[in-house]
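I have placed the structure first, in the form of structure tokens, so that the comments after it can refer back to it.
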Amino acid sequence: TLKGRHVILATGALSTPLLLLQSASNIWPNGLANRSGFVGRNLMRHYIDILALFSRAPFSKHSTLKELALSDFYCVKGEKFGIIGSFGHMPPTIMVLDDIENDMRTQGSKFSSFFHAMRPLAGWFISRLLDQAGYASLILEDLPYQDNSVSWRKDANGSQMAVNYRIRPSEWERINRFRAMAQKAF
């Protein structure tokens with residue numbers, strides 16, 4: 001039990017509304033702070049592209065990284081885009097391979113078995129490639145849409161979070177304009 005005059009709850013874009021929605025009680029039948037019914041609505045994430053930057057001298061995985069961010073593209077000609085920032089090191093190759101394999105399996109890819117068989121070779125190639133690059137990220141802020149939401153429901157398996165999120169065609173166009181500006185800058 002936490003007691004205080006003021007309590008600040010911040011567990012992230014997905015978990016905060018989930019926790020508030022699960023806090024339903026006699027006093028708050030729709031969950032704490034949800035009298036309006038807007039908790040979990042207008043979900044905003046960030047569209048993030050990771051750019052591999054290659055140079056003549058390979059980047060060292062063990063070097064100290066400098067953090068850098070450019071907000072030059074945050075607002076261009078009245079249109080909101082985002083920032084370009086340093087990303088740091090990529091995750092270990094085994095994590096990248098696990099993600100690729102899990103995605104293939106989840107999507108029912110007919111190449112899943114082939115990838116699994118070729119995983120050692122793919123790992124060697126990916127590690128060589130990842131080790132020779134530095135990384136930057138394009139971080140584009142999305143816009144709030146009421147149907148982009150996080151919700152909570154209780155079913156036979158217990159609590160379950162549902163995330164409803166789609167990128168609209170106009171957002172894809174904005175993403176592509178941001179990518180083109182970044183490509184021209186680099």
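Reckoned from all heavy atoms, side chains included, excluding hydrogens, waters and symmetry mates. Small disclaimer: the values here were computed from a predicted structure and weren't measured.
- Thr16 contributes a side-chain N or O that, together with a main-chain N or O of Thr11, makes up a donor-acceptor pair within less than 3.5 Å.
- When the side chains of ILVMFWY residues are joined at heavy-atom separations under 4.5 Å, either directly or via intervening members, Val163 and Leu20 end up in a single hydrophobic cluster.
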Show, in sequence, the C-alpha distance, side-chain angles and deciding distance for Asp98 and Arg105, and conclude whether the salt bridge (Lys or Arg N to Asp or Glu O under 4.0 Å) test is met. CA-CA 10 Å; Asp98 287 347; Arg105 220 180 0 257; over 6 Å; no
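- A 6.0 Å sphere centred on CZ of Phe125 holds no more than 12 heavy atoms belonging to other residues, nucleotides or ligands.
- The two atoms that bring Leu53 and Ala136 nearest to each other are CD1-CB, 3.9 Å, heavy atoms only.
- Between Ala13 and Leu43, the shortest heavy-atom contact is O-CD1, 3.8 Å.
- Salt-bridge annotation for Arg168 and Asp142: absent, with no side-chain N of the basic residue lying under 4.0 Å from a carboxylate O of the acidic one.
- In the hydrophobic clustering of this structure, Trp172 groups with Phe81; members are Ile, Leu, Val, Met, Phe, Trp, Tyr whose side-chain heavy atoms approach within less than 4.5 Å, directly or through other members.
- Using a cutoff of 4.0 Å between basic side-chain nitrogens and carboxylate oxygens, Arg174 and Glu171 are scored as salt-bridged.
- Linking ILVMFWY side-chain heavy atoms closer than 4.5 Å, directly or via other members, places Ile167 and Phe178 in a single hydrophobic cluster.
- Using the six-membered ring where Trp is involved, Phe87 and Tyr135 have ring planes that are perpendicular, over 60° apart on the 30 and 60° scheme.
- Considering only heavy atoms from C-beta on, Asn148 stays 4.5 Å or farther from Asn42 through its side chain.
- The CG atom of Leu19 sits 8.5 Å away from the CG atom of Leu32 when rounded to the nearest 0.5 Å.
- Rounding to the nearest 0.5 Å gives a distance of 5.0 Å between CZ of Arg119 and CD of Glu101.
- The CD1 atom of Ile94 sits 11.5 Å away from the OG atom of Ser127 when rounded to the nearest 0.5 Å.
- Listed here is the closest heavy atom pair of Leu97 and Gly123: CD1-CA, 3.6 Å.
- Side-chain contact check for Met161 versus Trp152: every heavy-atom pair is 4.5 Å or farther apart.
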The test is side chain to side chain contact (heavy atoms under 4.5 Å, CB included); show your working for Ile84 and Phe73 and say whether it passes. CA-CA 8 Å; Ile84 298 174; Phe73 303 107; 3.3 Å; yes
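- Nearest approach of Val39 to Ala33, heavy atoms of both residues: CG2-O, 3.4 Å.
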Do Leu18 and Leu14 pass the side chain to side chain contact (heavy atoms under 4.5 Å, CB included) test, and can you show the C-alpha distance, the side-chain angles, and the key distance before you say yes or no? CA-CA 6 Å; Leu18 186 66; Leu14 301 177; over 6 Å; no
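- Side chains of Tyr145 and Asn164: a donor-acceptor N/O pair is absent below 3.5 angstrom, by distance only.
- Taking all atoms of both residues into account, the shortest heavy-atom contact from Ser112 to Met104 is N-CE, 4.0 Å.
- For His46, the NE2 atom sits in a packed shell: over 12 heavy atoms of surrounding residues, nucleotides or ligands are nearer than 6.0 Å.
- The shortest side-chain heavy-atom distance between Arg177 and Glu79 falls under the 4.5 Å cut-off.
- Annotation: Arg45, atom CZ; neighbour count of heavy atoms from other residues, nucleotides and ligands within 6.0 Å does not exceed 12.
- Rounded to the nearest 0.5 angstrom, Phe115 CZ and Ser109 OG are separated by 10.0 Å.
- Distance CG/Asn34 to CZ/Arg41: 9.0 Å, rounded to 0.5 Å.
- Here Arg179 pairs with Asp49 under the salt bridge (charged side-chain N to carboxylate O under 4.0 Å, His left out) rule; sequence neighbours left out.
- Across all non-hydrogen atoms, the minimal contact from Ala69 to Ile83 is CB-CD1, 4.4 Å.
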Apply side chain to side chain contact (heavy atoms under 4.5 Å, CB included) to the pair Ile126 and Ile100, showing each step before the final yes or no. CA-CA 11 Å; Ile126 289 172; Ile100 293 169; 4.1 Å; yes
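- Between Asp99 and Met95 the shortest side-chain heavy-atom distance does not fall below 4.5 Å.
- Cluster annotation: Tyr74 and Ile139 are assigned to the same hydrophobic cluster (Ile/Leu/Val/Met/Phe/Trp/Tyr, side-chain heavy-atom contacts under 4.5 Å, transitive).
- Shown here are the salt bridge (charged side-chain N to carboxylate O under 4.0 Å, His left out) partners of Glu141, two or more places apart in sequence or in another chain: Lys80.
- Leu143 and Met181 are not part of a single hydrophobic cluster, where members link through side-chain heavy atoms under 4.5 Å apart.
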